[in-house]
Amino acid sequence: MTPNLKLSAALVAAALAAMGSSAALAQKAVTDQMIEADARTTGDVLSYGLGTQGQRYSPAKQINTGNVNRLVPMWSFSFGGEKQRGQQSQPLIHNGRMYVTASYSRIFALDVKTGAKLWKYEHRLPEGIMPCCDVINRGAAIYDNLVIFGTLDAQIVALNADTGEVVWKEKIDNYADGYSQTAAPLIANGLVLTGVSGGEFGVVGRVEARDAKTGRMVWMRPVVEGHMGKKFDKDGKESDNGVSGTPGKSWPGDLWKTGGAATWLGGTYNAKTGLAYFGTGNPAPWNSHLRKGDNLYSCSTVAIDVKTGQIVWHYQNTPNDGWDFDGVNEFVTYDEGGRILGGKADRNGFFYVNDAKTGQLVNAFPFVKKITWATGIDLKTGRPNYVPENRPGDPTGAADNKGKVVFSAPSFLGGKNQMPMAYSPDTKLFYVPSNEWGMEIWNEPITYKKGAAYLGAGFTIKTLNDGPIGALRAMDPKTGKIVWEVPNNAPLWGGVLTTAGNLVFWGTPEGFLQAADAKTGKVLWKFQTGSGVVAAPITWEQGGEQFVAVSSGWGGAVPLWGGDVAKKVAFLEQGGSVWVFKLMK
Ligand code: CA
Ligand code: CA
């Protein structure tokens, strides 16, 4: 470096310091350190879950139980077009900008102060995409100067955060075979981690890790027992990285080859354990009599070492699932007396607490009031106590090719589904968006055909009574007790946010974003967003003020698959927007 250049660099640094912007500029490129600190930093929201641990807790407390009634909208932005449908996206906030995805694989960059549109990327979708549960997207990841998100045709796209131009784009798999991508990608240790959707088509669930800056594949880990893992060198050369589990151990015959276990909701990551936690979906097909055995690693939490791509532990919530109880729900890690634990509210109606390092089951209890398939979880063996007569019957030899019909609760839409819960280190409670409903379910003969639905089952979702279906529940992970609940007529389908202001925020299909006292559940504020809220709210601080934001737009799985419940909520209107709120002065 010449003396002149040294001098000018020093001058620039001095000038930036004088402008007070050197810190802002230095932080523009998002680093692993920033992502690992995301849960503690209130000036940005860099990850799905407000921190890769997924706690959805913000230390911001300017908005609190004493003033939340003065929360008013600052701006709203329409996602436009006729492409409304379900809006399940959690926005990200960085460098004064909001990055929010929308239905049909779109993403917008907005100016946080004004709501002005900076750019939009609209992914070109082919005919024949096969998302199971609406054309939704749950959000983006951010790394370096890239905004990264998955698309309905099973691609992952990285965009320049300033311009929206494509920097890299990779195909995850063939959409025509049933693959799609709706979850927010997870950043861990410079890698971008994604799962796959398509569990109803007999895909093979897996987790893929790519270099977040370039998109180059680093490792791939299948989560169906018997499949070979892969790793890739700097030139992209592929080599074996060990088989997942033991071939033939938990699956009969060749069924593992189309075993399902789709990792469609993505994962969480704890930098202290170095493990990424991915939930896995139903084994395929739904008819459990075809696949005697546990069918690993379906309906499980799978902990993967992000450095090696190896499975370190697994815990199976529903062995030999026969009800479509996808175990995809988020594993939210938290500290408890020097130990790192993880909480998971499973679709099957039970809440599980596992040791985040070893997977050891610490506690398990129901978070919904009616469960028919098991009477409880044995804490010694970690296995459910099944009620055998409540398993849908074997269709083999049945006169009408239909096995015994059973009434099952929860329904396959779950005690909880994709809507993420929150955990507060202040109250030490989980805030779980839960639903009480059931289904009639039966099995039918089925054979696998690539790209075709692979269920071997029929079903109708039913209400349990005329009362509310949804309930936001504050659950104590130590006692298993419901500390408080706020019932809701329609099934809850949006995520939760909790803050150091002793607040819990969540949305309803009826259109309200609402806030309650985190200790008591007393609802203190609500605002009508114009359409159903099926997304998770966020909060952050900028320029000395705290903001709250949420996407609005009714849709998702309930109107498509909800049977009698879908009819009950058919009056709800679609929409497509994002709202930002702040305190009225
Ligand atoms: Ca942050
Ligand atoms: Ca499923």
Side-chain angles (χ1 to χ4, degrees), residues 27 30-60 90-99 112 130-134 141-143 178-180 182-183 187 195-205 223-224 258-265 271 279-288 295 298-300 317-318 321-329 346-348 408 410-414 416-418 439 441 453-457 459 461 497 499-500 538-542 546-547 549 556-557 560-561:
Q27 284 172 15
V30 174
T31 62
D32 287 299
Q33 289 75 15
M34 287 163 71
I35 288 172
E36 284 172 21
D38 189 24
R40 300 185 298 277
T41 51
T42 57
D44 55 25
V45 176
L46 299 176
S47 42
Y48 186 78
L50 285 83
T52 60
Q53 305 92 328
Q55 290 187 0
R56 297 184 178 278
Y57 167 85
S58 171
Q90 180 224 290
L92 298 179
I93 305 289
H94 174 56
N95 209 24
R97 294 180 191 149
M98 171 185 286
Y99 299 97
V112 162
M130 289 194 284
C132 81
C133 305
D134 204 358
I142 185 163
Y143 191 75
Y179 288 90
S180 59
T182 51
I187 303 288
V196 291
S197 306
E200 271 56 54
F201 298 94
V203 306
V204 173
V223 293
V224 176
T258 51
T263 43
W264 58 263
L265 199 47
T280 61
N282 60 284
W286 284 17
N287 177 359
S288 63
N295 316 135
S298 65
C299 301
S300 301
N317 305 96
T318 316
D321 164 57
W323 302 266
D324 190 36
F325 288 150
D326 290 35
V328 292
N329 271 299
D346 199 272
R347 214 150 115 166
N348 69 20
S408 179
S411 77
F412 72 86
L413 288 176
K416 177 174 166 301
N417 202 288
Q418 57 81 30
M439 63 179 167
I441 180 167
Y454 187 45
L455 298 187
F459 52 81
I461 303 266
L497 165 73
T499 74
I538 58 165
T539 192
W540 74 98
E541 291 173 320
Q542 186 175 321
Q546 186 182 351
F547 303 96
L560 296 172
W561 298 107

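Note that ligands are numbered from 1 as they come in the structure, with each ligand's atoms numbered from 1 the same way. Position 1 is the first residue of the sequence; numbering continues from there.
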- [ ] Indicate yes or no: at least one non-hydrogen side-chain atom of His94 is less than 4.5 angstrom from one of Trp540.
- [x] no
- [ ] Find out whether Leu50 and Gln55 are in side-chain contact, i.e. whether some heavy atom of one side chain is under 4.5 Å from a heavy atom of the other.
- [x] no
Task: Residue list, side chain to side chain contact (heavy atoms under 4.5 Å, CB included) with Tyr179, at least two apart or on another chain - done: Ala154, Asp173, Asp177, Val196, Val203, Arg206
- [ ] Evaluate the side-chain proximity of Asp326 to Trp264: yes if any heavy-atom separation is below 4.5 Å, no if none is.
- [x] yes
TODO: With 3.0 Å as the limit, jot down which protein N, O or S atoms are around the Ca ion (ligand 1).
DONE: Asp38 O, Asp38 OD1, Thr41 O, Thr41 OG1, Asp44 O, Asp44 OD1
Open item on the list: Are the side chains of Leu92 and Arg97 in contact, using a 4.5 Å heavy-atom criterion?
Closed with: no
Open item on the list: Exactly one of Trp323, Trp561, Trp286, Phe325 should register a ring-ring contact (aromatic ring centres under 6.0 Å, His included) with Phe412. Which one does?
Closed with: Trp286
- [ ] Given side-chain hydrogen bond (donor to acceptor under 3.5 Å, both in side chains), test Thr41 with Asp44 step by step and report yes or no.
- [x] CA-CA 7 Å; Thr41 51; Asp44 55 25; 3.0 Å; yes
Open item on the list: Under the rule for side chain to side chain contact (heavy atoms under 4.5 Å, CB included), what residues qualify as partners of Ala500, not counting sequence neighbours?
Closed with: Tyr57, Lys61, Asp426
Task: Side-chain heavy-atom pair Asn317, Asn348 within 4.5 angstrom cut-off - done: yes
TODO: Return the number of protein N, O or S atoms with a distance to the Ca ion (ligand 2) smaller than 3.0 Å.
DONE: 5
